[in-house]
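Each chain gets a letter, A, B and so on, in the order the sequences are listed, and its residues count up from 1.
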Amino acid sequence: MNKKLKIILPAVVIVGFLSVAVWYLRRTTIPILEPKGPVGLQERNLLLFALALSLFVIIPVFSLLFFIAWKYRESNESARYSPDFDHSRIIETIWWLIPSAMIGVLSVVAWNSSHSLDPYKALNSKTPQMTIQVVALDWKWLFIYPQQHIASVNLVQFPKDTPIDFQITSDSVMNSFWIPQLGGQIYSMPGMSGQLHLMASQYGSFNGLSANISGAGFSGMTFVARSSSEKDFVAWAHHASRSQNKLSLAAYNNLDRPSQNNPVAYYSSPKDNLYGTILAKYDGPGTSMSGMYTGGKTSMSGMGMQ
Amino acid sequence: MIEFASLLGKLNWSALPQDPITAGGAATVVGGVLGVMALLTYFKRWKWLWKEWLTSLDAKKIGIMYIVVAAVMLIRAGTDALMMRTQQAVSVGANHGILDSNHFQQIFSAHGTIMIFFVGMGLMFGLINLIMPLQIGSRDVAFPFLNSISFWLFFVGVALVNLSLVVGSFSAAGWLAYPPLSELHYSPGVGVDYWIWSLEIAGIGSLLSGINFLTTIIKMRCKGMSLMKMPMFVWTVMGAMTLVIFAFPILTVTLTLLYLDRTFGMHFFTAGSGGNMMMYVNLIWAWGHPEVYILVLPAFGVFSEVVATFSRKRLFGYTSMVWATWAIVALSFSVWLHHFFTMGAGADVNSFFGIMTMIIAVPTGVKIFNWLFTMYRGRILFATPMRWFMGFVVLFTMGGIAGVLLGVPAIDFQLHNSLFLVAHFHTMIVSGVLFGYFAGVTYWFPKFAGFRLNERFGNYAFWCWFVGFILAFGPLYILGLMGATRRLDHYSASLGYQPLFIVAGIGAGIIAIGVTMQLLQIFVSIRGRHEARDTTGDPWNGRTLEWSTPSPVPFYNYAVTPEVDSRDPFWAVKQARAAGAAVEPPHYEAISLPKNSAIGLYIGIMSFMVGFGAIWHIVWLSAIGLFSIVFLILVRCNDDHTEHHISAKKLEQLDKKARAQGGYA
Amino acid sequence: MSSSAITQADDSKPILGFWIYIMTDCVLFASLFATYAVLFRNTAGGPSGYQLFNLKNVLAETLILLTSSFTCGLAMLAAHRDDRKQTLFWFAVTFALGIAFLAIELTEFRHFVVTGNSWRRSGFLSAFFTLVGTHGLHITIGLMWMVILMWQVLKRGLSRSIIKRLTFLSMFWHFLDIIWIFIFTIVYLRGAIAP
């Protein structure tokens with residue numbers, strides 16, 4: 001009786017707990033598993049594929065573990081006992097080879113996906129891409145639209161199905177620019193211009209955030225990424241362009257001061273090449289990134305200077 | 001007045017706690033220290049403490065001191081974890097929780113720093129000190145005095161981290177303090193300097209330990225113990241210490257450069273003026289990734305010993321275990337960039353490091369299969385150490401899979417710095433490192449205490465840790481997929497995070513009960529020590545040399561240095577005796593052992609002054625500390641009487657007595 | 001017989017330990033060299049090595065240090081011959097050469113600082129001062145150690161344990177020489193060749 005209870009009780013607790021968990025998770029959004037754009041979708045699929053592949057390890061390890069532990073427990077005297085059985089070339093070769101094969105498959109996948117999902121690579125689309133320049137400040141996000149001549153704080157809007165070329169830098173510490181429902185993140189670093197290509201394939205407002213600790217206002221450094229129709233976007237940009245606040249250098253310097261939990265704000269006519277100016281702040285003449293990642297793409301962009 | 005102020009550098013009254021939370025932390029530290037001192041005075045134990053422990057050069061005593069400090073630090077950093085979980089469970093929407101962001105950030109920075117440097121490393125060095133010399137049949141480590149310096153430098157690191165609760169504040173820049181956030185411009189206080197000097201000093205201690213243990217293993221193995229006859233724990237220690245030798249100088253340099261930036265206005269990692277913050281991230285991880293393997297390899301070694309003993313069977317695939325260990329050692333220096341794929345190094349670089357990362361899973365997988373086949377056709381006794389092992393395999397496999405996922409750069413872009421990542425590395429470190437060392441401490445406890453730990457409370461502790469862990473970190477995997485980043489002290493209610501954070505908080509609470517159970521286990525075991533006394537020296541039917549000594553191990557380890565001719569020498573001896581082999585009477589010879597020395601402790605105090613002076617810019621204090629250290633080393637070098645001798649006759653008496661009390665005759 | 005076996009074993013431990021220590025110091029310098037390689041173009045508008053370095057001084061430093069390695073070797077030979085006078089003499093020469101080296105280095109540093117090119121000027125200069133300064137610091141420690149050991153030789157003669165210590169010192173000194181060759185090549189020669 002007691003022994004039965006010992007098995008049944010935990011089983012009931014576990015099943016009950018899991019049911020509640022499943023019930024809750026079904027009615028909650030899990031952004032990374034429910035992507036709203038092609039990049040996020042491919043990354044999600046890759047995640048699920050790798051997870052499925054990993055079952056080839058999990059299943060044998062867990063079955064072996066519980067089977068062996070059960071069968072060769074001390075009280076089971078009928079099980080075979082071979083205290084000196086300590087090696088077998090065949091068995092050992094097998095478990096050097098099988099994980100190697102699995103990792104081999106995954107390596108090919110990793111190599112290909114790293115290249116196809118390279119955040120610096122422009123996305124395939126008939127629609128021409130739109131550039132949005134992103135500046136991480138203490139503790140808010142500034143979005144500059146060089147083509148529309150507007151800027152916004154903590155809200156970035158763009159048309160659906162238009163590939164966006166986010167150019168990312170920081171005028172403060174290191175941050176990480178992340179919109180989980182659209183796809184991966186990239187660090188924003190002062191004096192360096194990173195790049196992230198994303199696209200929304202659905203309408204909606206998505207949460208964006210900084211994923212790298214940046215000081216006191218870090219938790220409030222969230223923004224909204226809104227994917228709308230082309231028409232709505234034009235209207236929104238028009239609205240912003242009529243803002244009384246012009247983003248002159250003085251206005252920018254004012255914005256640059258540390259502040260927390262900033263509301264959405266719009267700016268019209270940002271100073272010409274403001275993004276380049278911000279990059280150049282950290283880029284005295286004669287300085288360059290001395291090929292730390294010569295093969296890489298992160299570069300100290302002195303474009304604004306020259 | 002002005003001169004006085006400048007004499008104290010940046011230190012002034014405002015460094016003392018100004019608000020209730022810091023005051024609480026400070027009161028706990030000060031109260032704890034005063035409490036211990038009061039107890040020592042009340043029980044008149046100062047002299048005992050000084051003679052038996054603080055000045056001892058006996059590796060076993062030093063090992064026990066490491067473990068005690070690590071246990072206290074586990075409680076300290078665990079409290080930090082509980083505060084973080086409480087904050088995250090309640091700080092939603094309009095409610096801003098119990099901590100402001102600065103405190104929250106100090107707490108998670110301290111939690112990470114302490115858990116890795118002072119709990120993980122402390123338990124590891126503790127067990128190495130206790131077990132490694134015994135397992136190679138040696139009386140001591142190669143440099144006993146250096147060993148004591150290592151311990152005291154480790155202790156100074158601990159002291160500085162905890163002092164930051166009382167005087168000044170701790171770093172709020174995360175446990176690895178990425179610049180430019182950790183640069184003077186963004187972190188003007190002394191917090192980052194506390195972090196730097198605590199790790200700098202403890203790190204030098206670790207480096208010295210690395211030199212010491214590596215020399216010990218290479219030079220001090222007993223007769224007959226060729227490399228391929230060494231116990232697996234010794235192999236893994238050798239691997240880990242090799243990593244220490246190559247990795248810790250990088251840490252020393254990195255921390256120094258950050259300090260030079262902060263204090264002397266240099267431009268290594270600053271934004272602008274030619275600094276390069278990406279270089280810091282590269283350097284710190286060039287140390288940081290090997291560090292993970294430094295912690296986990298000896299724990300793998302512990303599991304190898306535990307599984308073989310409790311399965312009553314030889315370790316399966318010894319040779320491939322050795323190769324797997326060295327494969328991990330070699331590979332661990334070629335994966336560091338996977339900590340920052342999102343920095344944008346480009347697809348080729350990212351794929352290279354991603355693939356290297358996945359390759360390192362192969363030798364780790366081989367180890368797991370070897371353990372499983374050690375159990376196969378064994379006679380498995382599920383004592384507490386074996387339970388920790390079972391829990392480890394379950395959690396570590398899952399965490400390893402999560403790690404392989406993160407190793408694919410394109411997936412990492414979505415999960416980097418999320419709570420999924422946090423859950424992953426906690427799974428690896430809690431199951432791999434902590435469970436490993438818990439198993440080790442339980443397994444070898446009777447060897448040093450002379451009695452076993454209570455099995456019932458050990459079992460409770462295990463289940464609390466295991467269930468608590470799943471509850472605490474399962475939700476974090478999901479939260480990561482929900483786009484929750486790490487280190488949030490507040491989030492909006494609409495994100496739906498709260499229920500999961502509450503479950504995680506409950507899980508952390510259950511782990512705290514587990515720690516309480518471990519404390520109770522020690523208490524109950526001490527109370528029942530007479531019933532649980534180990535009278536044989538071999539409570540688990542062990543296989544390796546250490547079990548041939550009496551429990552508790554006498555200060556000289558072996559009265560007669562053993563000779564071995566197989567991998568499980570003590571098992572072989574027992575088999576031979578059971579088959580009726582004659583017991584040769586031991587032939588005693590005079591031995592010499594290191595005398596006590598307080599100089600290690602003094603060097604520790606002086607390093608504390610160096611560190612404290614450097615943190616607060618009190619130049620004279622650092623200078624005095626530095627010169628005193630040189631002076632103390634000179635004093636030690638000119639002391640030709642550092643050893644005491646025990647005659648053969650005396651040794652024979654001691655040995656007979658020890659064996660009569662609790663030893664294998 | 002058995003006691004001599006024990007002492008021999010005892011000697012081999014510190015020798016191995018010291019080699020391992022030298023290895024860690026190599027890693028330390030390797031990290032600093034890597035840092036320098038990353039930063040050496042980051043002059044932030046300040047002068048580059050091409051503008052700063054005076055190769056004549058550096059050549060003098062190199063010759064002095066190489067000679068000091070040679071005299072250190074002579075001192076060790078004398079020590080093994082049990083010739084206390086010669087040992088002390090050659091170590092004194094080594095010491096003087098070390099001081100000369102440091103003097104030139106400090107003069108160079110001072111010159112940079114007074115002309116407005118201190119370690120605060122740029123990432124390049126931070127890396128330069130730190131790398132070369134760390135080597136200089138090692139030399140200083142080596143000189144202090146030399147004085148102490150000379151004093152011990154004077155007081156206690158060339159006992160086994162003193163010779164062991166002298167051996168460590170000479171290993172350390174030769175090691176610093178090798179590091180200097182790298183500094184000479186990577187920092188000064190490379191800096192002087194191309195702007």
>> Is the positively charged end of B/R377 above the ring of A/Y81, judged by distance under 6.0 angstrom from the centroid and angle within 45° of the axis?
In response: no
>> Given the ring of A/W23, does A/R27 sit roughly above its face, with NZ or CZ under 6.0 Å from the centre of the six-membered ring and within 45° of the axis?
In response: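 Satisfied, under 6.0 Å and within 45°.
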What part of [X] gets closer than 4.5 Å to chain B, counting heavy atoms only: side chain, backbone, both or neither?
X	value
A/S88	both
A/Q185	both
A/L53	neither
A/S107	both
A/N207	side chain
A/I91	side chain
A/S170	neither
A/F85	both
A/S82	both
A/W178	side chain
A/L65	both

>> Can you tell whether the side chains of A/K281 and A/D256 come within less than 4.0 Å, N to carboxylate O?
In response: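 Counted as a salt bridge, because a side-chain N and a carboxylate O are separated by less than 4.0 Å.
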> Looking at B/V281, B/L495, B/N102, which makes the most heavy-atom pairs under 4.5 Å with chain A?
Replying inline: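 Highest number of heavy-atom pairs under 4.5 Å: B/L495.
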>> Under 4.5 Å from any heavy atom of chain A, what part of B/I368 do you find: side chain, backbone, both or neither?
In response: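 The side chain, not the backbone.
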> Checking B/D489 against chain A: side chain, backbone, both or neither under 4.5 Å from a heavy atom?
Replying inline: both
